[in-house]
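The block underneath contains the structure these notes are about, expressed in structure tokens.
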Amino acid sequence: MSESTQTYSMHELVSLCKRRGFIYPASEIYGGINGFWDYGPLGTALKNNLRDLWWRDMVQRPPLGPDGNEVSIVGLDSAIIQNAKVWEASGHVGGFNDPMVDCRETKARYRADHLMCLGLKGDRSGQIYAYVDGDEDSLAAAQKKLEKYVKKALSPDDVDTCQLTALSAEELAVTVGPDTKNAGTLTEPRQFNLMFDTTTGAIRNEDSKVYLRPETAQGIFLNFNNVVDTMRVKVPFGIAQIGKAFRNEVTPRNFIFRSREFEQMEIEWFCHEDDAEKWFEFWCDVRSSWWQSIGLTGANIMMRKHDDDELAHYAKEGCGTFDIEYRFPFTHPGFGELEGVAHRGNYDLSRHQEFSKKKLAYFDQAKNERYLPHVIEPSAGLSRGTLALLCEAYTPDPDRASKVYMAFHPKIAPIQAAVFPLVGKDGMPEIAHQLWSELRERWDVVTDVKQSIGKRYARMDEAGCPFCFTIDGDTASDQAVTVRHRDTQAQERIALDQVATFMSEKVG
Ligand code: ATP
């Protein structure tokens, strides 16, 4: 999706992802399982590239700070299951809730804050119809349903919209749920905890109850003292972690955008309270430019400050939270969250200090000052980031054989180059094999001799491979190959011994 125009539907992208081995529904042969996805060979490569670039750019070669020196960030990989008290201290047991309504008739469950109502004015007042989320599909379904109910009342002047959570009991009683025909089947909103629980050990009871982590962040706070004591880091510094997180989302939807198992890439940046605002601005800038550096178009990215009533339980004070949002096809022309940059204050360290009764204060020897650092947290979705890259790359093109190509930035593409012998004889496969062996030392490269060259190019277009190098009948004598560029389909001839240099320049 280039610039700000949306030229395709999510169905098309989802079907390409299935067809070309990016993403499959989990447990598909058993009918699937809502909210879970498996990554195929190309999806895994794309996600790993995103993960590795983040790790390289944030941990191994971190950004330059406001003073021009590299900031200091170390890595961590903590357990998914921790002591259950962690989640009481973090506020997730008490506060990690979404308001939810059930439909008594269909047994469907919805997030109340995702249900909008169309309240009808005039003669029809009191008749209220609900639809989910405002995305294309649910809106279309709701419109259809509305038309069925109130053919005459559809002019915009007759309709008011409002959020379901704000409805009174009387209004709820006349609300029609998204999947029913009868009014009054929705329960009042109730709080629903999003954490998955299980038990450890042989005895299953309340004492053995544990949770799958809903965010990777807490593992970092738990190890704050360990890292300070073992790594000779000095505040300000960051701890980074990439890993799985689990949330029993009420309504998983929009492909991998909101799933129940997903991956996060989080940094907890520890700093002095007086410097928190400066670092908050720094991380907002760094993170939003980083997404652009791997191929997301600036026009499709937006920074949005959270309203006060949206703030998470840890971010009530301080500079608040900025979301880095991306214009996904299902939010178009609006935006959806890709990453949150939050000022968490010293909420987490002080809560863990209180609940664990272990001292977590940092001692600054230079200033002879002991304090609980404040935390700026850039928390990005690795799964959502992968989706943003897929959405950005998908480019319909009716004039080419594949009708679509995936315009990934070369450094993130799951296949970075292909080496094709034009035909499987006359020494061409041997030269191709030699070049492929050389290139694969540094890049993700495939080689393939089957089918016509046009079909092989078409396959690479759908896989998003930026460069195809073709060995033909002249290569043996002129020591040159044809490079075909994915986006323009332009072809040029370059020397065989310059292919690696070409790749270094284009891919890095
Ligand atoms: P949302 O408002 O979309 O539920 P959130 O504000 O709860 O997200 P955070 O707790 O800030 O999300 O999590 C940080 C990042 O983790 C998000 O920006 C997103 O990229 C990712 N993320 C959160 N929930 C999910 C999910 N259910 N599926 C995929 N990614 C998710």
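Every number for a ligand or one of its atoms is a count from 1 in the order of the listing.
For ligand 1, the polar-atom distance check finds no N/O of Ile256 at less than 3.5 Å from any of the ligand's N/O atoms. Of the N or O atoms in Leu338, one or more lie within a sub-3.5 Å distance of an N or O in ligand 1. In terms of polar-atom proximity, defined here as any N/O pair under 3.5 Å, Gly381 does make such a contact with ligand 1. Where the criterion is an N or O separation shorter than 3.5 Å, residue side chain and backbone included, Glu337 meets it with respect to ligand 1.
Atom numbering of ligand 1 starts at 1 in the shown order; those under 4.0 Å from a heavy atom of Glu339 are 18 (O). Applying the 4.0 Å criterion to heavy atoms of Glu249 picks out, from ligand 1, the atoms 24 (N), 26 (C), 27 (N). Within ligand 1, counting atoms from 1 as listed, the ones closer than 4.0 Å to a heavy atom of Gln264 are 13 (O), 14 (C), 15 (C), 16 (O).
Under 4.0 Å is where a charged nitrogen must lie from a carboxylate oxygen, and between Glu462 and Arg20 at least one such pair does. A salt bridge between Asp323 and Lys305 is absent, with no side-chain N of the basic residue lying under 4.0 Å from a carboxylate O of the acidic one.
Sparse packing is recorded around CZ of Arg232, with 12 or fewer heavy atoms of other residues, nucleotides or ligands lying under 6.0 Å away.
Remark: distances from the non-hydrogen atoms of Ser259 to ligand 1 include one below 4.0 Å.
Proximity of Asp323 to ligand 1, defined as any heavy-atom pair under 4.0 Å, is not found for any part of the residue. Only the side chain of Arg384 comes within 4.0 Å of ligand 1, counting heavy atoms alone; its backbone N, CA, C and O stay farther away.
Each of Glu261, Gln264, Glu263 was evaluated against Lys244; a single residue qualifies, Glu261, per the side-chain hydrogen bond (donor to acceptor under 3.5 Å, both in side chains) test.
Considering Arg258, Arg253, Glu261, Arg260 only, the shortest heavy-atom separation from atom 4 (O) of ligand 1 involves Arg258. Nearest to atom 10 (O) of ligand 1 by heavy-atom distance, out of Met265, Glu263, Glu325, Arg247, is Arg247.
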| When you look at Arg344 and Glu377, which way does the salt bridge (Lys or Arg N to Asp or Glu O under 4.0 Å) test go after all the steps? | CA-CA 7 Å; Arg344 295 178 78 121; Glu377 176 196 71; 2.6 Å; yes
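Between Phe270 and Phe224, the distance from one ring center to the other falls under 6.0 angstrom. Checked against a 6.0 Å centroid threshold, the rings of His272 and His374 do not count as neighbours.
Judged by distance alone, the side chains of Gln82 and Tyr211 never bring a donor and an acceptor atom under 3.5 Å apart.
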